[in-house]
Amino acid sequence: MTVHDPLSGVVSVLVEIARTLESSDGAHERLVHTLELLDQLVSYNRCAVLEVRPSGGHEVIAVPEMSAEERQRLTKKLTNIFQLITEDEEPAGGNGLVAGGVHLGLPLIAMDSTVGILFVERDSDEPFGEDSLRLLSLVAAQLGAYFATLQAANALSSRSAERQLLLIGRVSDDLRNPLAAISNGAAMLVRRSTDSADTQILLERIAATAERCARIIADLTEMTQVGALGAVSFAPRSGDLGATIRALVEEFRLAHPHRTIDFTGSDSAVAGEWDPDRLSRALTRLLSNALRYSPPDSHVTVELVPTDESVTIAVHNAGPAIPPSTLATIFDPIEQRLKHAARGLGLYLVQQIVQAHGGEITAHSTDVGGTTFTMTLPRRLGSRQA
Amino acid sequence: MVFVGPTPDRIDGATSERGDCAPSILFDLLWVALCDVLGNPATASLVRRSSKLAVVRQPQLADLIIKREEFQYRYLLPKGWTSAAADSMAAFRALLDELQPLLIEMTGQVVVRRLSAIPELRKCGLLSADETHSSEVR
């Protein structure tokens, strides 16, 4: 349908589009409704928005509903146009557009950057005129402002998260010294105390609590380093991961002489680019957990499996199964703190370290098979995810 | 480099006979016509893109700067563009050569037809009616 009362019709549609984009509907619904409203300004058979995100991913919202094939054609057309006006290299297959009807396309500009394409297409031979293009440019401007708002909100949110991490880091540092004084003082009193058994128990509790608080603060400090300053503190270098792991296992054997810690894997060098300090910390946490949550007479196993491109390190214990609801969010620090007040941030930190290496970590746990945490790390930085 | 913005006299097409083919005047006309149909942000985006593509052949275009200041776009043109010197005209022509296919890919003939209707561009041999039909895109 095309508006017949030009000025008032156009204004009311533009106002409706502005309201739609500012509404509390989901992002997809807002865009779909905007494109549907656009039909009242610029009559089309198909209309689409290509949104290209700063991360490089993209999404195409198209109306009306169309077949997968048609949608694919439209997506290709829009990505070709986008590449044509933004990238140094020509789109794959040349810059010629895929066959279709007459069309108009405009770049969507947010914060002075091209973030997408607005596109309308007709099946008929009736060409679009200048008025259609002008109206389309008004809607493109609205969409550009909408995407700019989203980008600004995302940036604000990201900065806010960063500030929170920095604040946690500062508070952790501030707490560390007085807590160390409490801890040391309590430990000294425990050693010197000649008071009653009750006093002795109380002092031991104070010392244990202070130690637990110190561990939480250490976790928080490390979390802020990994989360807020990860790029700085992650220092990969060429090295033999096998040697690092074997040395760590040996340390654990010495520290836990009554436990059996098996190591399976090649004795030859496992070359790659890693941050050995960070990976040692990650493995230390996994091994500590494995020892803590398994029966004293059971074995803990560390398995190292190198391939040409990557390395898999699995830490297994025969303890009781982790409940599925816990397992599902075991790397989520917020969920873990909400569900288990006493649980630290250790697994979150392990995951952050693994991800900083471009790898991934999974957890598998059953009553019969026990619990296994498996880290997979690419050997080379170049093969790692951005 | 000189500062240039689309001034009202240029928008009205009140150009002197002598300066008709000065790229600074032609660029003003081009800019105003594009903004009229595409809007300022899209115009800035496409002209920047064309300039980036053409600068390899015409280094002078490195001095064409399009800046956004709050909600307005302003541009700085290469120093020599106030006269119709051969090298300035070549640079402007290279810009148009890159711009035209982009416009056709995106909008078919709508914008190119509009540009070809600008007398100054036609008079200076930069766009002709024949040229606009040479690469029809549906």
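Naming convention: chains lettered A, B, ... in sequence-line order (proteins, then strands); numbering from 1 in each chain.
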Taking P41(B)'s backbone N and O only, do any of them form a donor-acceptor pair with R68(B)'s side chain (distance below 3.5 Å, no angle check)? no
Sequence neighbours left out, what passes disulfide bond (SG atoms under 2.5 Å apart) with C124(B)? Give chain and number order. C21(B)
What option among V110(B), V111(B), N40(B), L102(B) has the most heavy-atom pairs under 4.5 Å with chain A? V110(B)
Closest approach of P23(B) and S83(B), non-hydrogen atoms and distance? CD-O, 3.1 Å
Taking 4.0 angstrom as the limit, do K123(B) and E120(B) come out as a salt bridge? no
Check whether R49(B) reaches the backbone of L84(A) with its side chain - one donor and one acceptor, N or O, closer than 3.5 Å. yes
Is chain B contacted by the side chain of P127(A), its backbone, both, or neither, given a heavy-atom distance below 4.5 Å? neither
Salt-bridge present (D123(A), R46(A); N to O < 4.0 Å): yes
Closest-packed option against chain B by number of heavy-atom pairs under 4.5 Å, given G129(A), G105(A), S113(A): G105(A)
Sort out for me which of I117(A), L104(A), D112(A), L106(A) touches chain B most, counting heavy-atom pairs under 4.5 Å. D112(A)
Contact residues of residues 132-149 of chain A (partner chain B; heavy-atom separation under 4.5 angstrom): L133(A), R134(A), S137(A)
With a 4.5 angstrom heavy-atom cut-off, which part of D36(B) approaches chain A: side chain, backbone, both or neither? both
Taking all non-hydrogen atoms of both residues, which atom of L38(A) and which atom of Y44(A) are closest, and how far apart? C-CE2, 4.0 Å
Quick one: do K52(B) and E98(B) make a salt bridge, cutoff under 4.0 Å? no
Which portion of L46(B) sits near chain A, non-hydrogen atoms under 4.5 angstrom: side chain
Does any backbone or side-chain atom of L108(A) lie under 4.5 Å from a heavy atom of chain B? Answer side chain, backbone, both or neither. neither
Using a distance-only test with no angle check, is there a side-chain donor-acceptor pair under 3.5 angstrom linking T114(A) and S45(B)? yes
